Each structure stands twice: as C-alpha cells, then as structure tokens.
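Below: one structure, written as structure tokens.
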Amino acid sequence: MTAINKVTVLGTGVLGSQIAYQTAYHGVDVVAYDISDEVLDKAKARFAGLAQTYKAEVDGAADGAADAALDRIRYSADLADAVEDADLVIEAIPENLDLKRDTYTKLGEVAPAKTIFATNSSTLLPSDLKGFTGRPEKFLALHFANHVWRQNTAEVMGTDSTDPEVYRRVVDFAAAIGMVPIEIKKEKAGYLLNSLLVPFLSAAGQLVVDGIAEPEMIDETWRIGTGAPMGPFQIYDVVGLTTAYNISAAGDEGQRRFAEYIKENYIDKGKLGAATGEGFYAYSVE
Ligand code: NAD
C-alpha cells in the first residue's frame with residue numbers, strides 16, 4: 001500500500017496546528033492552509049509555541065527534532081496551491097456544517113484525484129459531509145484529541161462508502177505519526193471517547209445540581225472506587241468550563257441547570273478551568 005508522504009491541514013487553530021505539527025514532527029511534509037496570510041502569521045507563532053512544548057514534554061524533541069519539524073511546514077492561503085500534491089488533506093476548520101460543506105465542495109474541485117480527505121470534526125458524522133466531497137470512497141473521519149502529543153488517540157471512522165484500502169492507509173498513517181489508531185467499525189456520533197466521556201461528565205453534573213454531593217466528594221468517590229487518577233470535575237477543569245457550559249446549555253433540562261450552575265458559580269467569577277488557574281479547583285499557572 002502506498003504510504004502517505006504529503007499532508008495538507010486545513011485550519012491552523014487549536015487542533016489543526018497540533019495535527020500539522022505532529023505530522024511534520026514525524027518526518028512528513030506538511031502544508032498548513034488557512035483563510036488569510038494574517039491568520040497564517042498567527043499560526044507561525046502557534047507552531048513555534050508547539051516546538052517549545054515538545055522540547056519540554058517529548059523525549060528527544062530538544063535535540064533538534066522540534067526545530068526540524070518547523071522546517072517541514074509550508075504555509076498557504078490558496079486552497080488549490082495548498083493541496084496540489086497532497087496524499088491526504090486533514091480538515092480542522094470550525095465546527096459549522098455549512099462552512100464544512102462549502103469547503104469540501106471547493107476542495108473536491110481543486111484537489112488531485114489521488115487525494116484522501118479526512119475530517120477532524122468532533123460532532124458531525126462523516127456521512128453529513130461525504131456527498132460534498134466529490135469522492136466519498138476517499139473520505140472518512142480522523143479524529144484527534146486536544147494535546148495530540150500526549151492524548152494520542154486517533155479515532156478512524158469511515159462511512160459505508162469509504163474504500164477499505166483508503167481506511168487502512170489512514171490507519172497506517174496515524175500510527176506512523178505517533179498516534180494510537182482507534183478503528184471504529186460503524187459511524188457513531190461522539191466516536192468512542194466522547195460517547196463514554198460526555199454521559200459520564202453529565203451524570204456528575206446532575207449529582208451536584210440535585211444536591212446529592214459536592215464536586216470534591218464525587219471526584220474522591222470516583223478515584224477511590226475505580227482507581228482512576230482524576231474525577232469528573234478535575235476533567236471538567238482540563239476541558240475548560242466554557243466548553244462545559246456550551247455543551248450543557250445545549251442539553252436537556254437537567255443539563256441546562258448544570259450549565260447555569262457553572263455560569264453563576266464559576267464562569268461569572270472568572271474561574272474557567274485549569275488553563276486560567278482556577279475552576280472547580282485552584283492550580284498554579286506558570
Ligand atoms: P479553531 O477555531 O481553534 O480553529 C479553526 C481554524 O480554522 C482557524 O484557524 C480558522 O481561521 C480556520 N478557518 C476558518 N474557516 C476556514 C476555511 N474556510 N478554510 C480553512 N480554514 C478555516 O477550531 P478547533 O478547536 O481547532 O476545531 C477545529 C475542528 O477540530 C472542529 O471540527 C472541531 O470539532 C475539531 N476538534 C476540536 C477539538 C478541540 O479540543 N478544540 C478536539 C477534537 C476535534
């Protein structure tokens with residue numbers, strides 16, 4: 001099977017920048033595409049920041065590998081130019097169905113026939129997009145988690161149109177860039193990780209708003225009872241309370257009560273989670 005040697009990443013935000021950098025770090029030539037040269041200038045700073053993070057957190061990165069990765073990334077704000085020789089395009093643009101459909105329509109017109117497309121969408125199914133790609137057999141989801149160098153799952157999820165050989169090439173690619181490929185057999189909203197995590201976190205929130213127990217007690221129960229290192233409210237702090245609020249506010253009545261609880265007691269007081277120094281718990285921020 002032909003290896004994937006040239007990758008273009010669409011979107012250089014939180015996840016796109018990490019995916020592009022992780023790919024380049026593993027020796028693959030990458031083109032980072034975004035909507036304008038101004039945004040790409042900001043992306044360069046993001047990539048430089050990732051190089052520093054890898055030097056601090058990834059074994060061997062400080063011996064030149066982190067800087068060499070930066071040299072493997074080319075920048076482009078022209079879609080046709082960005083994908084002209086790509087074996088694989090990984091799409092990490094904002095989570096908006098119309099924007100993604102529009103982008104796939106344009107991409108399908110300018111990309112070479114050989115190019116595989118993969119979406120990193122967290123909440124859409126690849127079936128929501130495949131009809132807009134012009135190549136459903138070469139399209140699937142490849143879903144990374146935030147902090148790709150540490151939380152290195154790559155959930156691979158095709159549609160019933162995805163060519164099994166394309167699927168296999170993407171699984172092999174994920175392994176080649178240091179990810180643990182998670183092969184999902186059928187389409188499922190939330191993949192594996194969020195299908196487990198979202199109901200778990202939601203159940204924890206419900207216990208609090210129903211007055212059953214305080215967050216610290218719930219976390220302690222989970223840690224002692226299962227041996228897990230973190231309880232649900234520690235996980236909320238890592239995810240960030242604004243994201244937790246947005247997800248809960250879109251849920252059922254119980255989840256919406258939890259959204260209000262987070263807003264009143266934490267967000268309105270500037271407690272947004274671990275990244276800002278305080279959420280359910282206080283942290284020392286460097
Ligand atoms: P983000 O807002 O941080 O970044 C989006 C980037 O896309 C920005 O740089 C923006 O300029 C760019 N963009 C906007 N329109 C574009 C277009 N038409 N073409 C190319 N680029 C465009 O978003 P994010 O958090 O990185 O999320 C991106 C995708 O990754 C979403 O589908 C999301 O569901 C998924 N995802 C996010 C996370 C996470 O923790 N943030 C985790 C897994 C998956």
Side-chain angles (χ1 to χ4, degrees), residues 1-12 15-33 69 72-74 76 79-93 100-101 103-122 124-145 148-149 151-193:
M1 221 173 320
T2 338
I4 288 171
N5 296 316
K6 292 191 171 159
V7 172
T8 299
V9 179
L10 308 187
T12 57
L15 255 283
S17 60
Q18 294 179 20
I19 296 164
Y21 186 81
Q22 175 77 8
T23 304
Y25 185 78
H26 284 270
V28 178
D29 287 334
V30 174
V31 181
Y33 167 81
R72 268 182 227 111
I73 303 172
R74 177 170 85 80
S76 179
L79 187 61
D81 166 68
V83 303
E84 67 178 358
D85 198 23
D87 296 318
L88 171 66
V89 170
I90 304 173
E91 170 270 308
I93 71 170
K100 290 203 194 254
R101 285 181 168 171
T103 300
Y104 278 107
T105 303
K106 291 180 182 142
L107 179 63
E109 286 164 10
V110 295
K114 67 167 184 175
T115 311
I116 298 169
F117 301 163
T119 182
N120 183 49
S121 171
S122 291
L124 301 170
L125 290 173
S127 281
D128 297 332
L129 301 168
K130 73 173 181 180
F132 296 80
T133 63
R135 59 189 76 192
E137 72 293 346
K138 290 202 182 82
F139 175 65
L140 75 180
L142 177 62
H143 184 240
F144 295 80
V148 298
W149 63 97
Q151 264 75 333
N152 63 334
T153 53
E155 297 178 288
V156 191
M157 191 166 81
T159 72
D160 51 16
S161 310
T162 309
D163 178 342
E165 191 187 323
V166 167
Y167 186 94
R168 191 56 33 213
R169 283 181 73 194
V170 172
V171 167
D172 290 349
F173 163 76
I177 61 158
M179 309 305 292
V180 176
I182 309 293
E183 297 186 36
I184 300 185
K185 293 180 179 175
K186 285 186 192 175
E187 277 191 279
K188 165 79 181 145
Y191 305 81
L192 295 195
L193 185 57

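Note that the structure is a prediction, hence the values are computed from the model and not measured.
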Are any side-chain N or O atoms of [X] and backbone N or O atoms of [Y], one a donor and one an acceptor, separated by less than 3.5 Å?
{"X": "N120", "Y": "G16", "result": "no"}
{"X": "Y167", "Y": "V156", "result": "yes"}
{"X": "R72", "Y": "A24", "result": "yes"}
{"X": "T8", "Y": "A86", "result": "no"}
{"X": "E183", "Y": "V171", "result": "no"}
{"X": "N152", "Y": "G178", "result": "yes"}
{"X": "E155", "Y": "P181", "result": "no"}
{"X": "T105", "Y": "R101", "result": "yes"}
{"X": "Q22", "Y": "I177", "result": "yes"}

Is a donor from one side chain sitting under 3.5 angstrom from an acceptor on the other, for S122 and H143?
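Judged by distance alone, the side chains do pair up.
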Any side-chain donor paired with an acceptor under 3.5 Å for E187 and S127?
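Distance-only check passes for E187 and S127.
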Spatial distance of atom [atom1] ([X]) from atom [atom2] ([Y]) [nearest 0.5 Å]:
{"X": "T133", "Y": "I116", "atom1": "OG1", "atom2": "CD1", "answer": "12.0 Å"}
{"X": "L142", "Y": "I90", "atom1": "CG", "atom2": "CD1", "answer": "5.5 Å"}
{"X": "F117", "Y": "E91", "atom1": "CZ", "atom2": "CD", "answer": "10.5 Å"}
{"X": "L140", "Y": "I184", "atom1": "CG", "atom2": "CD1", "answer": "10.5 Å"}

If you measure from the Lys or Arg side-chain nitrogens to the Asp or Glu carboxylate oxygens, is any gap between [X] and [Y] under 4.0 Å?
{"X": "E137", "Y": "K130", "value": "no"}
{"X": "R135", "Y": "D163", "value": "no"}
{"X": "D85", "Y": "K6", "value": "yes"}

Heavy-atom side-chain contact between [X] and [Y] under 4.5 Å:
{"X": "M157", "Y": "L125", "result": "yes"}
{"X": "L129", "Y": "T119", "result": "yes"}
{"X": "T2", "Y": "E165", "result": "no"}
{"X": "V148", "Y": "M179", "result": "yes"}

Fit a plane to each ring of Y104 and F139, take the angle between them on a 0 to 90° scale, and name the class: parallel (under 30°), tilted (30 to 60°) or perpendicular (over 60°).
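Perpendicular, since the angle between the ring planes exceeds 60°.
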Checking side chain to side chain contact (heavy atoms under 4.5 Å, CB included) against T115, which of V83, L107, V89, D87 comes through?
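Only match with T115 under side chain to side chain contact (heavy atoms under 4.5 Å, CB included): V89.
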